[in-house]
Amino acid sequence: MSVNKVEIILGLDEPKAYISEVYSDEVCRFSDDLSKWLRKNKDACAFPDIMAVAFWLRKGNIEKMKKEFYDGKIHMGRGLIFHITPSNVPVNFIFSYFFGLLSGNSNIVRIPSKKFPQTDILCKAVKEVLQNDDYTNIRDNTMFITYERDKEINDYYSHICDGRIIWGGDGTINTIRKSEIKPKAVEVVFADRYSFGVIQSEKILSMTEKEILNLARGFYNDTYIMDQNACSTPHCIFWLGNKAKEASEIFWNVVKKEEEKYTFEAIKAVDKYTDLCHTAMERTDIEEIKIYGNFLYVVRLFGVPDDMEALRGKYGMFFECGIKSLNDISNSITEKSQTMIYYGIDENILRDFITKSCLKGIDRIVPFGNALDIGVLWDGYDIIRSLSRVVDIRK
Amino acid sequence: MDRLWESSPFSMNKQEKSEFYSEKLAELTQKHSQGCILYKRFLENLKFSLNKVYAPEEYPFIPVRLFKDYELLSVDKSEIIKTMTSSGTTGQQVSKIFLDRKTSANQTKALIKITSEFLGKSRLPMLIIDSKKTVSDRRLFSARGAGILGFSMLGHNLTYALDENMELNTETVGNFLDKHKGEKIFLFGFTYMIWAHFYKKLACLNEKFDLSNGILLHGGGFKKLQDEAVDNETYKSELKRVCGIEKVYNYYGMVEQTGSIFMECEHGRLHASNFSDIFIRNPKDFSICEKGEKGLIQLVSVLPESYPGTSILTEDIGEITGWDDCPCGRYGKTFKIYGRIKKAEARGCSDTYERK
């Protein structure tokens, strides 16, 4: 391999495959220390996404996850995990790294060559906290690297790893999969996904103004924060029940009030209007297009289309349609369906829908406002279990 | 339309223009709706009524990018005699503009009419500040080539000033100038090419060419020149310094609306002619910007009949500087261009493995 094409941001030239138990004390302490470092650092505090990382890394959260994970069995790491992390979510690589650490592994993390200010702050934080000699095992077994796309380098790291995590969708997965991994190695891949929302329409009509505002704020965080471009961001809202039109009217007018928060550059206006024109020119099932300035476009369809996953917007363009029961959408759910955000629907109804409808998709069902909350259960994987192995000891 | 062909190209005042455009755009929108199913659906879905006459600024516009995404025609394909293409940026999909006989002829007529205001009524000997290769090599044929061909109709004794390596051919230029000594000369080229391959060479020559009889028309934008901190004023004064040329006019136009170009007048303002109009829109809600307020440029042209390019939303930022009040005496809106909008860095979780 042409080593000179790889830039080592942090760590040794080649980590050993140090293996520990999942949620090891060393990793849990390191996580909390890193969290503290970030929360104390002025530069870091300027970035809400870094603060979300810091919040996730803190002791209380990690211990809660550890408790939820514990099943009395022994779980050990697999060895070395090779991470390909996404280029347009600045903080994602840290989550990926910790998924590897918490599952008891050593890690080689490829950080995209396009860097964000967040990248530098987070790398600096990891580097400094790892100088503490309490964390020698982690220090010797962490490597952050960056390189331009290069099959030879992919081949090399894929060949030596015991597990590979690929973020970034279908295209990236197909490219990286051309590099073989060991027969026993495992792979966790995050493919292109589709997400949507369901709201019990009658509930909207009985909500107080403040409650609706909270719902709209949650929706704003689920969508606009990531330019409506994350895999767990909803593109379509289904109005369940008999008050679809009335509820829709109320809801979108409140969402519109969030406009001031969003940075809306001219290019977004053009991109978004272009998308709207595509939709208006191509679709023959449009009941109405509602335009709330350029901040919010809502395209109402006559019914649930078969190609639901083609309904995509950017920077705040949503589709909607009324449904009488959750079963109305089950035919449109495919293996691509990831997150369903919901409001006002009873948990038993949701459980029933998932277990009885024999669906290939929907891996997450979360309330409005939680669509982007990443965790160890993601995209249908229990990531810690996927990256570790269970040791069966019998008496 | 007849009145446009008969009158001078900058003769319509505010009121005349508003009335004329209200009617004319209703007619054109209807025509495009009848001929282009995609455009028809677009109008219907945006609740645009074909039975109503709107104010000029109320007619719908489509983003220029749609000409890359679709083949948009308002007439039967058999009537198309010419397809113009342009690649916005290298490596991207090309725009396709379909012209029938009438639209193509009107584009030429309008171009001649508008430019004759600056070049005079008779054809002038023409020096093209480019290489012949730009038009002759089909593989290289681009918006630049199309532009040269379009403007070539305005001159005679066409001479290319640059050789195939884009080097200034001093002998050719010298001979051309000798031959047309004392005559008015028409020079044409692209803003950046003129600067990089003509101006810079002229500046180093020992013996200066005398182009004081020349009239230069140039377009294509100052984007690349911004890096060298060259604005329109510097451009003009520097050209004058190196070859004595006094009449230098910038124009603004796009392949989607060929013919109805916007010309810079003697007072340095870009003008909409009778054949075109311009609106500046606020990106937040596409409302009309006041004079002096920057926004996205929407262009309107009465020429396109064979494709729905009557009203387009560009990716340029501009500002209205006046209406019917330019000291040059020409009517119509005047405006300034600030260049292309910045590309967005979309957030999200796809595309990890960067494309090159």
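Labels below follow one simple rule: chain letters A, B, ... track the order of the sequence lines, proteins then strands, and each chain is numbered from 1.
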query: How many angstroms lie between NZ in B:Lys47 and CD1 in A:Ile289, if you round to the nearest 0.5 Å?
result: 7.5 Å

task: Measure the CG-CZ distance between A:Asp275 and B:Arg65 for me, rounded to the nearest 0.5 Å.
output: 8.0 Å

- request: Determine whether more than 12 heavy atoms belonging to other residues, nucleotides or ligands lie under 6.0 Å from atom NZ of A:Lys336.
  value: yes

query: Would you say A:Lys261 has more than 12 foreign heavy atoms packed within less than 6.0 Å of its NZ?
result: yes

query: What's the spacing between B:Ile62 CD1 and A:Leu276 CG if we round to 0.5 Å?
result: 12.5 Å

query: CZ/B:Phe42 to CD/A:Glu282 distance, rounded to the nearest 0.5 angstrom?
result: 13.5 Å

task: Tell me, for A:Arg193 versus chain B, whether the close heavy atoms (under 4.5 Å) come from the side chain, the backbone, both or neither.
output: neither

task: Answer whether the closest heavy-atom distance between the side chains of A:Met281 and B:Leu66 falls below 4.5 Å.
output: yes

message: Just verifying a value: how many Å separate B:Asn45 CG and A:Cys277 SG, rounded to the nearest 0.5 Å?
response: 10.5 Å

query: Does the A:Asn294 side chain pair with the main chain of B:Pro283, one donor and one acceptor, at a distance under 3.5 Å?
result: yes

query: If you count heavy-atom pairs under 4.5 Å between each of B:Leu313, B:Thr314, B:Asp69, B:Leu46 and chain A, which one has the most?
result: B:Asp69

- request: Assess whether atom CD of B:Glu58 is packed by more than 12 heavy atoms of other residues, nucleotides or ligands within 6.0 Å.
  value: yes

Charged N-O contact under 4.0 Å between B:Lys284 and A:Glu259: no

- request: Classify the ring geometry between A:Tyr273 and B:Phe61 as parallel (under 30°), tilted (30 to 60°) or perpendicular (over 60°).
  value: tilted

query: Taking everything shown except B:Lys96 itself, do over 12 heavy atoms lie less than 6.0 Å from its NZ?
result: no

task: Could you pull out all residues at least two apart from B:Gln107 that satisfy side-chain hydrogen bond (donor to acceptor under 3.5 Å, both in side chains)?
output: none

- prompt: Is B:Lys40 atom NZ crowded by more than 12 heavy atoms from other residues, nucleotides or ligands, each under 6.0 Å away?
  reply: no

field: Contact origin within B:Leu43 toward chain A - heavy atom pairs under 4.5 Å
entry: neither

- prompt: Once you round to the nearest 0.5 Å, how far does CD1 of B:Ile341 lie from NZ of A:Lys268?
  reply: 12.0 Å

- request: Name the region of A:Phe93, side chain, backbone, both or neither, that has any atom closer than 4.5 Å to a heavy atom of chain B.
  value: neither

